[in-house]
Amino acid sequence: MYRNLPPLSAVRVFEAAARHGSFTRAADELGMTQAAVSYQIKALEERVGAPLFLRRPRQVELTETGLRLAAASTQALDVLSAAFGTMRDNVAGKLTISTVPTLATNWLAPRLGLFQLANPSIAVRLETSPRYVDFSREDVDVAIRVGNGNWPGLVAHPLLPTIFTPMLSPELAASIGGINEPADLLRLPILTPTDPWWSQWLTAAGVSPEGLKGRPQNEMGSQANEARAAIAGQGVAILTPFFFTSELASGRLIQPFDLLWEDKASFWLVYPQGRRNLPKISAFRSWILAEAAASQSD
């Protein structure tokens, strides 16, 4: 059915000329020459198969066919204008963020209220997933990814390092008389012993990671899940401290050693290069980089 429609540019010219009752005033409104307006209307009349205007000296007047078409054209353009206006407002006023679950739950979500207080016109939608989103196919504005920052076609800002250290409940530590040296950790159940962070941290602490072998191959799927298991006393987890500041402050978790180790991969804020100047992305970028810097200085 849409193949019979004339070009939208011709309909737009006709609607303006019909509304003003003048080719000259329509040309002024649309930034065109009067000759271009006359050409577009003539092409539309040929498409319709009937004249739309009566040409009189110094004025034009709609024919009966023109009157019917003018009403329909105005209504159609009003509907299109409203639809595009709504979409533009939605796009400008909604920020969709994709990020990994633990960072979303333990670091970003508790801070987003501050961003929205500073930017009340921007509605935030937070999506959590461990996978990389495809910006060309998905309705996502920005993402927080783990990696080395090298993603072709994307702008990447370093956000947070992936530092880690063992944590456990005070009750579990007390069950063996306390944690006095790193080797004491291996006397307890280890959550996700296959996590390479464990081998890296134990080696840095001067303890052989051989003690990780032969343990149950349990996997929790995320740091958030491991932290919950550690709080319940199920074992020792290796976690990123600034994701669990409230748990450490309340004493639900303890960090027995100051030694922190850092993975080569870190957290990055990313978005397509073509979107870098969008106001909502600029606002979020400035805010989250400042929050990340403050988080690391605490």
Side-chain angles (χ1 to χ4, degrees), residues 1-98 115-127 133-142 153 155 271-287:
M1 62 180 292
Y2 297 110
R3 294 178 181 176
N4 292 325
L5 286 174
L8 183 60
S9 58
V11 175
R12 186 164 171 256
V13 168
F14 166 72
E15 191 278 334
R19 180 162 31 87
H20 289 295
S22 165
F23 287 6
T24 301
R25 292 173 64 187
D28 290 341
E29 177 184 311
L30 299 174
M32 302 171 64
T33 64
Q34 184 176 347
V37 168
S38 296
Y39 174 82
Q40 290 277 20
I41 290 174
K42 183 177 180 181
L44 192 60
E45 288 176 327
E46 291 176 356
R47 188 70 170 263
V48 172
L52 300 174
F53 289 95
L54 296 174
R55 277 78 166 173
R56 304 185 186 281
R58 298 186 180 181
Q59 68 178 28
V60 293
E61 182 180 335
L62 285 166
T63 64
E64 183 178 346
T65 301
L67 283 168
R68 293 199 301 270
L69 186 60
S73 297
T74 298
Q75 182 179 12
L77 290 175
D78 285 346
V79 170
L80 280 175
S81 178
F84 277 103
T86 299
M87 291 301 101
R88 183 176 60 249
D89 291 343
N90 287 344
V91 169
K94 182 183 72 175
L95 180 73
T96 302
I97 308 162
S98 174
F115 172 74
Q116 294 190 285
L117 283 174
N119 300 273
S121 63
I122 300 176
V124 174
R125 181 163 67 95
L126 188 59
E127 294 185 352
V133 298
D134 183 346
F135 285 100
S136 66
R137 296 175 180 271
E138 300 177 58
D139 183 19
V140 172
D141 296 299
V142 299
V155 179
Y271 48 85
Q273 292 179 350
R275 303 182 192 173
R276 65 182 308 146
N277 294 322
L278 289 178
K280 63 181 179 181
I281 291 181
S282 296
F284 184 72
R285 177 179 62 229
S286 298
W287 174 82

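All values reported here derive from a predicted model rather than from experimental measurement.
The line from CG of Leu44 to CZ of Arg12 is 14.5 Å long, rounded to the nearest 0.5 Å. Note that OG of Ser286 is 9.5 Å distant from CG of Asn119, once rounded to the nearest 0.5 Å. Note that CD1 of Ile97 and CZ of Phe115 are 7.0 Å apart. Values are rounded to the nearest 0.5 Å. In this structure, OG on Ser98 lies 11.5 Å from CG on Asp139, to the nearest 0.5 angstrom. Taking CZ of Phe135 as the reference point, atom CZ of Arg275 lies at 6.5 Å (rounded to 0.5 Å). From Leu54, atom CG reaches atom CD of Glu61 across 5.5 Å, with rounding to the nearest 0.5 Å.
With a 6.0 Å radius and a threshold of 12 heavy atoms from other residues, nucleotides or ligands, Gln75 has its CD atom at or below the threshold. Counted within 6.0 Å of CZ on Arg276, heavy atoms from surrounding residues, nucleotides or ligands total 12 or fewer; the atom is thus considered open.
Residues meeting the salt bridge (Lys or Arg N to Asp or Glu O under 4.0 Å) test with Asp28, sequence neighbours left out: none.
Relative ring orientation between Phe53 and Phe23 is described as perpendicular, the plane-to-plane angle rising above 60° on a 0-90° scale split at 30° and 60°.
Of all non-hydrogen atoms in Ala18 and Ala70, the two that sit nearest each other are CB-CB, 3.8 Å. Looking at every heavy atom in both residues, Thr24 comes nearest to Gln34 through OG1-OE1, 3.1 Å. The minimum heavy-atom distance between Met32 and Val13, with the atom names listed, is SD-CG2, 3.7 Å. Heavy atoms only, all atoms of each residue included: Val140 and Glu127 are closest at CG2-OE1, 3.7 Å.
Salt bridge present: Arg19 and Glu15 bring a charged side-chain N and a carboxylate O closer than 4.0 Å.
For the pair Phe14 and Leu62, the minimum side-chain heavy-atom distance is below 4.5 Å. Contact of the Leu69 side chain with the Val11 side chain is not registered, since no non-hydrogen atoms from C-beta on lie closer than 4.5 Å. With contacts defined as side-chain heavy-atom distances shorter than 4.5 Å, the pair Gln40/Leu30 does not qualify. Inter-residue side-chain proximity for Thr65 and Leu52 is flagged as met; some heavy-atom pair is nearer than 4.5 Å. Between Pro7 and Arg47, some side-chain heavy-atom pair lies under the 4.5 Å cut-off.
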Original post:
Under the salt bridge (charged side-chain N to carboxylate O under 4.0 Å, His left out) criterion, do Glu29 and Arg25 qualify, and how do the steps go?
Top reply: CA-CA 6 Å; Glu29 177 184 311; Arg25 292 173 64 187; over 6 Å; no
**OP:** Start with the C-alpha gap between Thr63 and Glu45, add the side-chain angles, then the distance that decides, and say whether side chain to side chain contact (heavy atoms under 4.5 Å, CB included) holds.
**Re:** CA-CA 11 Å; Thr63 64; Glu45 288 176 327; over 6 Å; no
**OP:** Please report the C-alpha distance between Leu8 and Leu77 in whole Å, then the side-chain angles of each, then the deciding distance to 0.1 Å, and finally whether the side chain to side chain contact (heavy atoms under 4.5 Å, CB included) criterion is met.
**Re:** CA-CA 9 Å; Leu8 183 60; Leu77 290 175; 3.9 Å; yes
